[in-house]
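Contents: one structure, followed by commentary.
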Protein chains: 2
Amino acid sequence: MTYTIGQVAERFGLSEYTIRFYDKQGLLPFVKRNAAGRREFTDDDLKTINIIVCLKECGVKISEIHHFVDMLMAGDDTLEDRLAFFKQQQENALEQLERQKKNLSKLDFKVRYYTAAVYEGTEAGIDGDCDVPNCPITVNGKVFDQDQVG
Amino acid sequence: MTYTIGQVAERFGLSEYTIRFYDKQGLLPFVKRNAAGRREFTDDDLKTINIIVCLKECGVKISEIHHFVDMLMAGDDTLEDRLAFFKQQQENALEQLERQKKNLSKLDFKVRYYTAAVYEGTEAGIDGDCDVPNCPITVNGKVFDQDQVG
DNA sequence: GCTTTACTTAGACTAATGTCTAGGTGCTAC
DNA sequence: GTAGCACCTAGACATTAGTCTAAGTAAAGC
């Protein structure tokens with residue numbers, strides 16, 4: 001079973017442009033062509049692209065992914081380097097996850113903050129620290145109860 | 001208490017260039033200047049910049065942040081819109097968090113995959129599905145025990 | 001045979017986000 | 001008063017990642 005560039009684009013939610021761009025950047029040297037010169041993606045190719053997309057979403061630069069793909073093509077000699085690569089990416093992704101949790105907590109605060117502000121009709125007198133997890137919102141010094149809104 | 005651009009850059013881990021760039025883009029209209037024309041950041045300014053940086057990290061575009069800052073400057077008339085804005089960002093951030101968790105799970109898989117491959121000295125015969133959470137790695141059909149490595 | 005559709009290439013173009021340079025100002029310490 | 005530093009501006013330049021155009025090819029259906 002093989003797939004065309006259009007099918008692959010569809011599957012991963014990328015444009016065909018993007019896939020050709022990745023190919024041009026050396027991210028898809030494993031993709032074979034048919035007699036007419038068209039790309040034919042195998043199931044194995046899709047597995048690899050799945051990881052490439054994952055790395056992409058984790059914020060890994062194309063040049064770094066290129067480096068990984070190079071190792072992939074080089075075979076078993078690069079297994080240790082690839083393990084080290086993924087350990088590094090794992091660490092980065094975990095860090096990113098923690099940052100994202102912190103940011104989400106700040107946004108949660110802001111939603112509560114503005115819920116209180118809308119309820120009061122003004123921002124004046126509303127307080128709290130968005131960096132403190134689940135920090136209560138106060139209105140003129142008194143804790144604001146979010147449940148009174150609903 | 002006020003702060004210079006250098007101190008603010010230091011505090012948020014940004015370059016002074018970036019802060020001036022943000023200012024140029026209309027993200028910091030609330031920052032006042034002293035008699036010499038230099039920016040003087042107040043504690044309130046820092047609070048707002050904290051949120052701007054948070055939005056930035058959540059992938060919000062500068063133009064969107066600009067829009068939010070505009071609402072901020074407009075005062076209490078925009079409270080409901082600001083609440084809606086943060087609810088939207090909260091939703092986006094949560095989605096992003098879930099994606100990040102999925103990606104981390106794929107990376108975890110890859111670390112286990114390559115741990116097995118390094119142990120075996122070859123990738124041949126090693127299998128598993130990185131999209132299945134905690135999917136066991138098999139070597140020639142037999143489940144690979146990660147603990148045998150250490 | 002002709003049209004349509006999906007593909008091909010090289011390379012130009014865009015968007016977003018900085019990053020830096022050049023030339024200048026103002027304050028502080030010596 | 002002058003050296004050094006941190007700041008200022010406008011605007012050029014860089015980087016990353018696409019996105020699109022133009023011109024062409026190959027196979028499928030009418």
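Quick caveat: nothing in here was measured; it's all calculated off a predicted structure.
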Under a 4.0 Å heavy-atom criterion, DNA chain D is touched by chain B from D:dA6 to D:dG11
Which part of the nucleic acid, if any, lies within contact of B:T4, taking any heavy atom under 4.0 Å across all strands shown: a base, the sugar-phosphate backbone alone, or nothing?
-> sugar-phosphate
Hits for ring-ring contact (aromatic ring centres under 6.0 Å, His included) against B:F41, two or more places apart or cross-chain, chain-then-number order -> none
Between CD1 of A:I5 and C1' of C:dT9 the distance, given in whole Å, is 12 Å
Sequence neighbours excluded, the answer for ring-ring contact (aromatic ring centres under 6.0 Å, His included) partners of A:F86 is A:F68, B:Y114
To the nearest angstrom, the CD-P distance between A:E40 and C:dT8 comes to 10 Å
In whole angstroms, the gap separating C1' of C:dC7 from CZ of A:R20 amounts to 7 Å
When rounded to whole Å, the CD to C1' distance for the pair A:Q25 and C:dG11 reads 13 Å
Q.
Distance to the ring centre below 6.0 angstrom and angle to the axis at most 45 degrees; does that hold for B:K110 and B:Y113?
A. yes
Going by distance alone, is a donor N or O of one side chain under 3.5 Å from an acceptor N or O of the other, for B:D127 and B:T138? no
Query - Backbone N/O of A:Q88 and side chain of A:E91: donor-acceptor pair under 3.5 Å - result: no
Here the ring-ring contact (aromatic ring centres under 6.0 Å, His included) pairs for residues 124-147 of chain A, sequence neighbours left out, are A:Y119-A:F144
Within the 4.0 Å heavy-atom criterion, would you say A:E16 contacts the bases, only the backbone, or no part of the nucleic acid? sugar-phosphate
(Q) Could you check whether B:R82 pairs with A:E123 (Lys NZ or Arg NE/NH1/NH2 to Asp/Glu carboxylate O, under 4.0 Å)? (A) yes
State whether the number of non-hydrogen atoms from other residues, nucleotides or ligands found under 6.0 Å of B:E10 atom CD is greater than 12. no
Taking atom types as modelled, find out whether B:D45 and B:T42 have a side-chain donor-acceptor pair closer than 3.5 angstrom. yes
To the nearest angstrom, the CG-P distance between B:N34 and C:dT25 comes to 16 Å
Minimal heavy-atom distance between B:I126 and B:E120, with the atoms involved, is CD1-CG, 4.2 Å
With five pairs defining each end axis, the helix from C:dG1-D:dC30 to C:dC30-D:dG1 comes out bent, to 10°, by 0°
Note: for B:K61 and B:A35 on DNA chain C, the residue whose nearest nucleotide lies more 5' is B:K61
* Given side chains that start at C-beta, do those of A:T4 and A:R38 come closer than 4.5 Å, heavy atoms only? -> no
Heavy-atom contacts, protein to nucleotides 18-24 of chain C, under 4.0 Å, summarised as B (base), S (sugar-phosphate only) or - (none) per nt, yield BBBB---
Practice task
Return no unless some side-chain N or O of A:R39 is found under 4.0 Å from OP1 or OP2 of C:dC7.
Solution key: no
